Peer 1: 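The structure that follows is given in the form of structure tokens.
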2 protein chains.
Amino acid sequence: MSRRAARAPRRRPAPPLSRLCCIACGRGHPLLEIRYACEACGDLLEVQHDLERAASGRSAAALKALFQSRVGATSLPHQSGVWRYHELILPDLPPERIVTKPEGNTNLYRSRSLERASGTAAVLIKHEGENPTLSFKDRGMTAGVSFARLVGAETVACASTGDTSASMAAYAAQVEGLRALVVLPAGKVSLEQLSQPVASGCLTVCLPTDFDGCLRLLREVCRTRPLYLLNSVNPIRIEGQKSIAFEVLQQLGWEPPDWMVVPVGNAGNISAIGKGLIELRALGVIDRLPRLLGVQAAAAAPLAAASRDGYASRVRVRAGETAAAAIRIGDPVSYDKAVRVVRESHGGFEAVDEEEILDAKALVDQSGVYICPNSAAAVAGFLKWRARGEIAARDRVVIVATAHGCKYSQVTIDYHSDRLPGVRPRRANRIIEVAAEARAIERLLEEGSGTR
Amino acid sequence: MSRRAARAPRRRPAPPLSRLCCIACGRGHPLLEIRYACEACGDLLEVQHDLERAASGRSAAALKALFQSRVGATSLPHQSGVWRYHELILPDLPPERIVTKPEGNTNLYRSRSLERASGTAAVLIKHEGENPTLSFKDRGMTAGVSFARLVGAETVACASTGDTSASMAAYAAQVEGLRALVVLPAGKVSLEQLSQPVASGCLTVCLPTDFDGCLRLLREVCRTRPLYLLNSVNPIRIEGQKSIAFEVLQQLGWEPPDWMVVPVGNAGNISAIGKGLIELRALGVIDRLPRLLGVQAAAAAPLAAASRDGYASRVRVRAGETAAAAIRIGDPVSYDKAVRVVRESHGGFEAVDEEEILDAKALVDQSGVYICPNSAAAVAGFLKWRARGEIAARDRVVIVATAHGCKYSQVTIDYHSDRLPGVRPRRANRIIEVAAEARAIERLLEEGSGTR
């Protein structure tokens with residue numbers, strides 16, 4: 001037999017299922033290029049999938065059945081609430097290259113107290129604080145760190161208001177030989193958030209500037225050093241994050257709610273959720289989009305400001321102080337992506353002040369679901385739009401809680417002890433110190449202390 | 001037709017599937033009696049099930065199939081990692097009376113770094129810090145608070161080193177009209193743990209004494225007030241907690257590991273895990289018990305001391321200071337139960353000092369799995385027994401991590417900043433503060449800072 005005949009016939013490799021695509025000029029780039037901005041115009045990139053091929057031509061019903069068959073999977077990666085939807089996340093990523101805890105599979109709590117307080121038919125809280133590092137960031141990081149390993153990165157890096165760095169550090173720690181650098185605004189992240197990258201053994205640097213300053217500096221370092229940047233400018237992370245939308249929809253039997261309410265800082269999360277929903281609609285898995293409400297702290301509300309004049313101009317602000325420190329961002333990276341999906345869904349943006357945020361937090365916390373102040377901003381925004389009638393009494397509303405209350409215990413205690421300047425707590429539950437005597441406790445029981 | 005004929009034939013109600021039973025004299029009491037001690041001899045009570053009837057006579061294979069069919073259930077209560085095993089937890093409790101988040105379904109992490117550090121075939125960490133209130137206590141509380149509601153309790157109460165109160169408060173908050181009282185040793189619980197019952201709106205009282213003092217006082221109040229006590233003296237909670245053992249075994253395909261290592265404070269958890277394992281063996285679901293190793297902080301190690309002379313005497317100590325504050329208990333309530341199950345499993349107890357605890361914590365944390373100091377005590381105990389050869393190189397070991405690292409961030413930061421008196425950190429990862437200049441960050445990258 002000749003050598004030629006012995007060879008298997010040469011098969012042309014299937015073209016990639018995904019590419020990077022500029023959101024402004026539409027120019028395409030290969031997915032495997034490490035790139036955070038369009039080569040031609042410098043604008044943001046997003047991952048674009050050939051959805052039909054990625055889904056292997058499955059019907060909507062077949063896709064739903066596929067995803068349902070994986071609920072409660074006992075092996076990786078389908079056990080993860082992100083990789084259960086592997087075909088729609090990063091279809092070309094080989095399963096054995098995935099770095100996962102696993103993550104996702106978070107509870108969707110029915111909130112009777114918000115239903116009662118607002119007079120709304122159904123209010124549910126998707127508690128992303130129940131992820132392994134206690135925030136929604138784990139969904140993006142399993143994608144981002146998997147990809148970093150795939151492209152052979154030696155060091156991953158991010159600037160952070162606290163949750164991103166905690167997550168990146170914990171996922172990087174799972175990968176032999178992968179170094180990690182986090183850059184934080186000194187004194188602006190909570191004790192809990194600071195402890196996380198330190199615990200994970202990652203190079204943890206605090207700078208005397210704010211988040212926007214940290215990110216600017218890190219991007220400067222990226223130009224001269226081979227760092228793989230895992231901020232939300234990274235389009236791969238968005239793909240993991242959009243699984244929040246997939247999981248909520250699956251938990252609701254693929255029946256879209258009327259609204260999804262999301263706290264907005266850098267605007268990556270609302271962009272991801274919007275992208276996920278639009279893809280589900282394109283595949284026929286859902287027939288309409290929930291309306292998206294993005295909520296910002298009044299101290300850092302460029303998108304809420306822009307929405308008031310129909311997004312006529314790009315607004316940038318200098319972020320002021322807020323208890324919702326994770327969304328304390330004046331110049332959101334994913335601004336344009338967020339505006340696009342919010343408009344597409346006929347939604348909007350809102351700003352809420354410190355008292356609204358903290359009273360909303362106390363209301364939800366007192367139902368036994370402990371959330372962070374950033375999540376509480378979304379709750380406060382929901383209450384405001386419901387009070388104004390933009391959200392109707394018959395509506396079904398899902399609020400995305402992005403992190404666990406235990407990551408922000410100081411502000412919780414300060415609120416209940418009435419120690420936050422400029423905030424008059426309406427739902428304070430004071431800690432009581434008494435002598436170690438049975439009689440003292442009996443007296444408190446008689447007085448009916450406590451807020452419940 | 002006569003009235004008598006019209007009536008359905010009177011059916012004798014089935015006898016209850018469970019009762020309370022004294023662990024010393026064996027005297028039985030009805031399950032629905034609110035009772036924490038034996039009427040005859042005053043000793044501890046435990047729940048005893050008619051296992052054969054509770055399992056409806058199913059074979060071991062049929063039970064495994066039943067539990068497997070519920071993994072990934074999308075409806076309550078079987079969605080819970082506790083109530084998936086409803087028949088073996090509280091079989092007479094009607095499903096609609098269950099108060100659940102749901103809880104459980106926590107990750108079982110393969111720990112390559114512990115395998116390498118110790119030269120052991122397989123080391124897995126069951127991370128109970130991934131429960132809704134970030135500790136294993138949620139498994140007991142879903143049982144305890146459900147039962148409190150069933151018996152019509154108006155107020156639930158507990159003394160706590162932090163995790164019990166957080167959990168009880170969050171579950172009580174789910175029940176309309178149920179009041180909750182927690183009693184804490186002032187200055188001895190972490191900021192995060194203190195914030196949790198306060199957030200849940202529960203009456204939160206701090207006393208100038210230690211945990212043992214808090215519990216003594218609360219039991220005194222219980223004699224005159226109708227409080228439903230949810231400390232681990234409560235036998236119902238133990239029934240929920242034993243689901244840790246069930247879930248671990250199910251995750252391992254019902255193949256028992258050689259060892260299960262558990263941190264021990266009040267000794268309720270190791271008692272619960274042991275009880276669960278013994279019941280699985282009685283039902284033929286497993287054919288042998290894993291050996292149980294209970295680990296205490298040297299500052300509060302009565303059981304480790306007692307084990308040295310074959311448990312000849314009941315040891316009580318005055319608990320000293322330890323970073324493992326949740327197991328800072330000198331007179332464990334479940335002492336006798338713990339000794340019984342540990343002996344039955346041919347296991348043992350060990351004590352570990354502060355440096356061992358905190359270095360072990362850093363080792364696990366740096367693998368991206370963030371644990372509390374109490375869990376780290378178990379890790380340190382494992383390392384000690386492995387070094388001594390009591391645990392063999394070929395063994396498969398499961399370590400139970402009881403709470404999330406984020407509940408103890410101050411001690412994590414203090415360790416890495418070398419600020420803990422008497423502790424010389426071997427794995428410190430210093431937080432670095434530099435000027436906001438790209439050059440400063442570049443220099444750190446060149447130096448190779450960080451511990452990974």
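Numbers restart at 1 for each chain; the letters A, B, ... are given by sequence-line order, proteins then strands. Here the structure is a predicted model, which is why all the values come from computation and not from measurement.
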Peer 1: Considering only heavy atoms, which portion of P102(A) lies under 4.5 Å from any heavy atom of chain B: side chain, backbone, both, or neither?
Peer 2: both

Peer 1: Against chain B, label I431(A) side chain, backbone, both or neither, depending on which of its atoms sit under 4.5 Å from a heavy atom there.
Peer 2: both

Peer 1: Side chains of R419(B) and I413(B): does their closest heavy-atom pair fall under 4.5 Å?
Peer 2: yes

Peer 1: Quick one: does K126(B)'s side chain get under 4.5 Å of E247(B)'s, heavy atoms only?
Peer 2: yes

Peer 1: Under a 4.0 Å threshold between the charged nitrogen and the carboxylate oxygen, would E103(A) count as salt-bridged to K137(A)?
Peer 2: no

Peer 1: Less than 4.5 Å apart, any side-chain heavy atom of L181(B) and any of L444(A)?
Peer 2: no

Peer 1: Chain A heavy atoms under 4.5 Å from Q251(B): which part of the residue, side chain, backbone, both or neither?
Peer 2: neither

Peer 1: Which residues pass the side-chain contact (heavy atoms from CB on, under 4.5 Å) test with S190(A), sequence neighbours left out?
Peer 2: E192(A), Q193(A)

Peer 1: What I'd like to find out is whether the side chain of K407(A) reaches to under 4.5 Å of the side chain of S135(A), using heavy atoms alone.
Peer 2: yes

Peer 1: Taking the side chain as every heavy atom from C-beta outward, state whether S111(B) and V369(B) have any atom pair closer than 4.5 Å.
Peer 2: no

Peer 1: For the candidates Q68(B), Q410(B), Q79(B), which exhibits the highest count of non-hydrogen atom pairs separated by less than 4.5 Å from chain A?
Peer 2: Q410(B)

Peer 1: If the condition is ring pair (Phe, Tyr, Trp, His ring centres under 6.0 Å), which residues does H404(A) pass it with, not counting sequence neighbours?
Peer 2: H127(A), Y370(A)

Peer 1: Quick check for you: among P132(A), A438(A), S195(A), G368(A), which has the greatest number of heavy-atom pairs under 4.5 Å with chain B?
Peer 2: S195(A)

Peer 1: Can you name the side-chain contact (heavy atoms from CB on, under 4.5 Å) partners of C222(A), sequence neighbours left out?
Peer 2: L227(A), L229(A)

Peer 1: So for V183(B), is it side chain, backbone, both, or neither that comes closer than 4.5 Å to the heavy atoms of chain A?
Peer 2: side chain

Peer 1: With a 4.5 angstrom heavy-atom cut-off, which part of A435(B) approaches chain A: side chain, backbone, both or neither?
Peer 2: backbone

Peer 1: Using heavy-atom distances under 4.5 Å, tell me whether A157(A) contacts chain B through its side chain, its backbone, both, or neither.
Peer 2: neither

Peer 1: Do the side-chain N and O atoms of Q196(A) and T133(A) include a donor-acceptor pair separated by under 3.5 angstrom?
Peer 2: no

Peer 1: Flag the one option from T74(A), V364(A), I441(A), T209(A) with the top tally of heavy-atom pairs under 4.5 Å to chain B.
Peer 2: I441(A)

Peer 1: Considering only heavy atoms, which portion of Q250(A) lies under 4.5 Å from any heavy atom of chain B: side chain, backbone, both, or neither?
Peer 2: neither

Peer 1: Identify which part of T106(B) has an atom lying under 4.5 Å from any heavy atom of chain A, answering side chain, backbone, both or neither.
Peer 2: neither

Peer 1: Heavy atoms only, distances under 4.5 angstrom: which of G72(A), A166(A), P208(A), A436(A) has the most pairs with chain B? Name it, please.
Peer 2: A436(A)

Peer 1: Of the backbone (N, CA, C, O) and the side chain (C-beta and beyond), which part of L191(B) lies under 4.5 Å from a heavy atom of chain A, both, or neither?
Peer 2: both

Peer 1: Can you find a pair of side-chain heavy atoms, one from T142(B) and one from K101(B), that are under 4.5 Å apart?
Peer 2: no

Peer 1: Using a cut-off of under 4.5 Å for heavy-atom pairs, which of C206(A), A440(A), A170(A), A73(A) has the most such pairs with chain B?
Peer 2: C206(A)

Peer 1: In terms of side-chain heavy atoms, does T224(A) have a donor or acceptor partner in E442(B) at a distance below 3.5 Å?
Peer 2: yes

Peer 1: Counting distance only, does the side-chain N/O of D359(A) pair as donor-acceptor with the main-chain N or O of R426(A) below 3.5 Å?
Peer 2: yes

Peer 1: Looking at T412(A), V71(A), N107(A), L207(A), which one has more heavy-atom pairs under 4.5 Å with chain B than the rest?
Peer 2: N107(A)

Peer 1: Give me the contact list for residues 213-221 of chain A versus chain B, heavy atoms only, anything under 4.5 Å, ordered by residue number.
Peer 2: L217(A), E220(A), V221(A)

Peer 1: Less than 4.5 Å to any heavy atom of chain A: does that hold for the side chain of K361(B), its backbone, both, or neither?
Peer 2: neither

Peer 1: Could you look at R439(A) and say if it's the side chain, the backbone, both or neither that has a heavy atom under 4.5 Å from chain B?
Peer 2: side chain

Peer 1: Does any non-hydrogen side-chain atom of R149(A) lie less than 4.5 Å from one of L178(A)?
Peer 2: no

